[in-house]
Protein chains: 2
Amino acid sequence: MARKEDKFLDDFLAYLLARASHLVSEDYAIVLKEAGIDRPRWRVLASLSDYDKMTIGELARKVLMKQPTLTKVLDKMEEEKLVKRRHSKEDRRAIKIAITKKGKEKVSKLLIKAKKHEKAILKNYTKEEEKVLKHVLRTFIERL
Amino acid sequence: MARKEDKFLDDFLAYLLARASHLVSEDYAIVLKEAGIDRPRWRVLASLSDYDKMTIGELARKVLMKQPTLTKVLDKMEEEKLVKRRHSKEDRRAIKIAITKKGKEKVSKLLIKAKKHEKAILKNYTKEEEKVLKHVLRTFIERL
DNA sequence: AAGAATAATTTCATTATTCATATATTATTA
DNA sequence: TAATAATATATGAATAATGAAATTATTCTT
């Protein structure tokens, strides 16, 4: 058996993505564990640090969870005072999720660590490679 | 709010990977559903189509599952006659998993469809972009 | 205003996942 | 070589995730 690329999986995009994603986020999971937070919560807080006051539906798409799953995560996070629920003014069916002060404090340190972690992972690649990688991933997300 | 890249998540590698991976594999899940197979089984069969007779531990790493999870998946797949267990000759603690004729038949059509699906996803990108993307992903996997 | 659609929640049954541990085997080492 | 450690897999119980309905409240369409 010669080159890896001759194998199906080692040249299969969906697999390369899944595996790379899995490894990268598993690697960062150590940081999360130290901070005493799990992945769903981290994702919610990180999302809210970009877009505060999303509806639950919007947030569910961002964090790659099903809506009923997210509802339950938010129940716990609300109890822990990391997020708040507010009825949307525009659409009173919808609920806007906002991050609390406590939530912001928790996430701000993690954001810095996350960026450091990413830098470490990308240090062996050129700026150009990083640019292509992120561009392609970003456009996948837009198109799919 | 200007560009997406100014947001944390939209420039955060782990998130871009997770989301792209999620979307790509969700898109292919339609094909799997039609074929009446679920993701764990598909991953096992696809892995075995490259490397037949892996031990359970090796396979678990390939398919991104914990060993106990995989053992249970294999129990079902063995019952369905998609795979076989054999004691390893070199190490009698270990068990080698082999794909059966039925398993091969099942997976061969899916491999073709998977490649088609990938081609469709990548059609908007240059060969060079595809090369960089896969190279970076592959080296993540090797290094992490 | 009626009916369809949407947002979120709740419930329930099913299935999956994890953790810790058990068993068998192999490797190490004193 | 006997004891100990390490490895590969299996198992069982506890926990969690998922999917599919049914529910409530609200908004949109005509």
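Bear in mind the structure is a predicted one, so any value in this text is a computation, not a measurement. Residue numbers begin at 1 in each chain, while the letters A, B, ... track the order of the sequences.
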Tell me whether [X] is salt-bridged to [Y], with the criterion being a basic N under 4.0 Å from an acidic carboxylate O.
X	Y	result
B/E105	B/K101	yes
B/E78	B/K84	no
B/K62	B/E58	no
A/E130	A/K127	yes
B/K102	B/E80	no
A/D75	A/R85	yes

Rounded to the nearest Å, what distance is computed from the [atom1] atom of residue [X] to the [atom2] atom of nucleotide [N]?
X	N	atom1	atom2	result
B/E26	D/dT18	CD	P	11 Å
B/E90	C/dA27	CD	C1'	16 Å
A/L64	D/dA17	CG	P	15 Å
A/K89	D/dT27	NZ	C1'	18 Å
A/D75	C/dT9	CG	C1'	9 Å

Check: protein-nucleotides 4-8 of chain C nitrogen or oxygen pairs below 3.5 Å:
residue	atom	partner	partner atom	Å
C/dT6	O4'	A/R93	NH1	3.2
C/dT6	O2	A/R93	NH1	2.7
C/dA8	OP1	A/I56	N	2.7
C/dA8	OP1	A/I95	N	3.4
C/dA8	OP1	A/I95	O	3.3
C/dA8	OP2	A/G57	N	2.6

For nucleotides 16-19 of chain C, which of its nitrogen or oxygen atoms have a protein nitrogen or oxygen under 3.5 Å away, and what is each distance?
residue	atom	partner	partner atom	Å
C/dA16	OP2	B/K76	NZ	3.2
C/dT18	O4	B/K72	NZ	2.6

Give the intermediate values and the outcome of side chain to side chain donor-acceptor pair (under 3.5 Å) for residues A/Y125 and B/T139. CA-CA 10 Å; A/Y125 302 90; B/T139 51; 2.5 Å; yes

Please identify each residue that fulfils salt bridge (charged side-chain N to carboxylate O under 4.0 Å, His left out) with A/K115, with sequence neighbours left out. A/E118, B/D11

